[in-house]
Novice: 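Take a look at the following structure, please.
Each ligand, and each atom within it, is numbered from 1 in the order the structure gives.
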Amino acid sequence: MAEAAPELPPLREVIRRHGLGALKSLGQNFLLDLNLTARIARAAGDLSACTVYEVGPGPGGLTRALLAAGARRVVAVERDRRCIAALAELAAAWPGRLEVIEGDALSIDEDAVLDPGPCRVVANLPYNVGTALLLKWLQRPKRFDGYTLMFQKEVALRLVAAPGSKEYGRLSVLVQWLCEARRLFDIPPRAFTPPPKVTSSLVALTPLPAPRHPAERARLEAVLAAAFGQRRKMLRAALRAYSPASEAALARAGIAPTARAEELGIDAFCRLARAFDEI
Ligand code: SAM
């Protein structure tokens, strides 16, 4: 149940008082529109029974929305030291509900800062490290119960892309092999301070109980790298450098050697990965 939100100063005042001018090097584009941050928090679903892990709270706009939406507890990791004092004020306004950690989300050990119970990631990610963070989390996709993440639209389109589209690639196959992926809504540049050059999209990822099709992960990733590394070539040629057995593996998987990577669904890639292990 959402609790009455405490009276808080406007975000613009927090930014001014703490000197939080946006730094491009840290991918800082802040969301100051409370309707929008509330919409993102709502899109994350019922947060009353879980911890929310937020990466990059910045001045705390989305953090406020998550707390007001009833998140049982928010653990927020922020790399920019300048934001920590501003976030401490927010933690004081919501006693016992917000923990702020100064650190780099790329290298932090999440198990050391989060309790082992249910946990969802909700974040307006810094664009320069968004994909790297997602790949880190996908090493153990079920560590979290779900992910509600803002990416550049171009990355979001890759995450949800279907075979045959120009956005379809390694990231699409890996993410959709492990998760149900949905693009929820777009957010225009003008919603951010300062406005980025590109449109953003909110994406929901829900880890599947098990990968969609059987395959050994390292093998699948290697096959994807080889196949999409030369995506315009026929698979026969694209996989040649990867393995001398590639034609035999394609045949065993029932895939035409003249097909191209972007035509293959997740199932076919998993068949191909298994075929390399079987021959
Ligand atoms: N959540 C805030 C909002 O919606 O207004 C800020 C979002 S801004 C796009 C990204 C935030 O991530 C910034 O506050 C930035 O300092 C922080 N950040 C950048 N790289 C980070 C990293 N490696 N680890 C943790 N935080 C990082």
Novice: Can you list the ligand 1 atoms lying under 4.0 Å from a non-hydrogen atom of Asp80?
Specialist: 16 (O)

Novice: Working to the nearest 0.5 Å, report the span between CZ of Arg217 and CG of Leu224.
Specialist: 10.5 Å

Novice: Can you tell me if Gly61 has a non-hydrogen atom under 4.0 Å from ligand 1?
Specialist: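 Per 4.0 Å heavy-atom rule, Gly61 does not contact ligand 1.
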
Novice: Starting from atom 20 (N) of ligand 1, what is the nearest protein heavy atom, named by residue and atom, and what distance separates them?
Specialist: Pro126 CG, 3.6 Å

Novice: In terms of residue, atom name and distance, what is the protein heavy atom nearest to atom 16 (O) of ligand 1?
Specialist: Glu78 OE2, 2.6 Å

Novice: Cation-pi check for Phe185 against Arg39: NZ or CZ below 6.0 Å from the six-membered ring centre and within 45 degrees of the axis, yes or no?
Specialist: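 So Arg39 does make the cation-pi contact.
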
Novice: In the structure I gave you, are the side-chain heavy atoms of Leu90 and Leu98 within less than 4.5 Å of one another anywhere?
Specialist: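 Sidechains of Leu98 and Leu90: in contact.
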
Novice: Can you tell me which residue and heavy atom of the protein come closest to atom 21 (C) of ligand 1, and the distance to 0.1 Å?
Specialist: Arg79 CB, 3.8 Å

Novice: Within this structure, what is the CG-CD distance for the pair Asp80 and Gln28, rounded to the nearest 0.5 Å?
Specialist: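 Separation between the atoms: 4.5 Å.
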
Novice: Any salt bridge linking Glu99 with Arg73? Criterion: basic side-chain nitrogen under 4.0 Å from a carboxylate oxygen.
Specialist: yes

Novice: Quick check on contacts: which atoms of ligand 1 are under 4.0 angstrom from a heavy atom of Gly58?
Specialist: 14 (O)

Novice: Using a strict cut-off of 4.0 Å, indicate which atoms of ligand 1 neighbour a heavy atom of Glu54.
Specialist: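 Answer, ordered by atom number: 1 (N).
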
Novice: Are the side chains of Glu167 and Glu154 in contact, using a 4.5 Å heavy-atom criterion?
Specialist: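 A side-chain contact under 4.5 Å is absent here.
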
Novice: Would one find more than 12 heavy atoms of other residues, nucleotides or ligands at under 6.0 Å from atom CZ of Arg182?
Specialist: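 Counting neighbours around CZ of Arg182, 12 or fewer heavy atoms of other residues, nucleotides or ligands fall under 6.0 Å, so no.
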
Novice: Taking 4.0 angstrom as the limit and counting only heavy atoms of Asn29, give me the atoms of ligand 1 inside it, by number and element.
Specialist: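 Near Asn29, the atoms of ligand 1 are 7 (C), 8 (S), 9 (C).
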
Novice: Near Ala105, which atoms of ligand 1 are under 4.0 Å from a heavy atom of that residue?
Specialist: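 This gives 22 (C), 23 (N), 24 (N), 25 (C) as the contact atoms.
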
Novice: Would you indicate whether the side-chain heavy atoms of Leu205 and Leu134 approach each other to under 4.5 Å?
Specialist: yes

Novice: Should you measure from each heavy atom of Val77, which atoms of ligand 1 turn up under 4.0 Å away?
Specialist: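 Those of ligand 1 that fall under 4.0 Å from Val77 are 25 (C), 26 (N).
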
Novice: Heavy atom to atom 7 (C) of ligand 1, shortest distance: which of Asn124, Leu31, Asp104, Leu26 holds it?
Specialist: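 Residue with the shortest heavy-atom distance to the ligand atom: Asn124.
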
Novice: To which of Gly60, Gly56, Ala65, Gly130 does the heavy atom nearest atom 1 (N) of ligand 1 belong?
Specialist: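 It is Gly56 that holds the nearest heavy atom.
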
Novice: Can the ring centres of Phe269 and Phe228 be said to be less than 6.0 Å apart?
Specialist: yes

Novice: Please report whether ligand 1 has a polar contact with Val129, defined as an N or O pair separated by less than 3.5 Å (distance criterion only).
Specialist: no

Novice: Under 3.5 Å, is there a donor-acceptor pair between the Asp186 and Ser201 side chains?
Specialist: yes

Novice: Please could you name the atoms of ligand 1 that Gly103 approaches to less than 4.0 Å, counting only its heavy atoms?
Specialist: 24 (N), 25 (C)

Novice: Among protein heavy atoms, which lies nearest atom 2 (C) of ligand 1, and at what distance?
Specialist: Pro57 O, 3.3 Å

Novice: State if Ser107 counts as touching ligand 1 under the rule of any non-hydrogen atom under 4.0 Å.
Specialist: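 No, Ser107 has no heavy atom closer than 4.0 Å to ligand 1.
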
Novice: Using 4.0 Å as the upper bound for N to carboxylate O, is an ion pair formed by Glu110 and Lys136?
Specialist: yes

Novice: Measure the distances from the heavy atoms of Gly27 to every atom of ligand 1 and state whether one is below 4.0 angstrom.
Specialist: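 Contact present.
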
Novice: So which heavy atom in the protein is nearest atom 13 (C) of ligand 1, and how far is it from that ligand atom?
Specialist: Gln28 CG, 3.6 Å

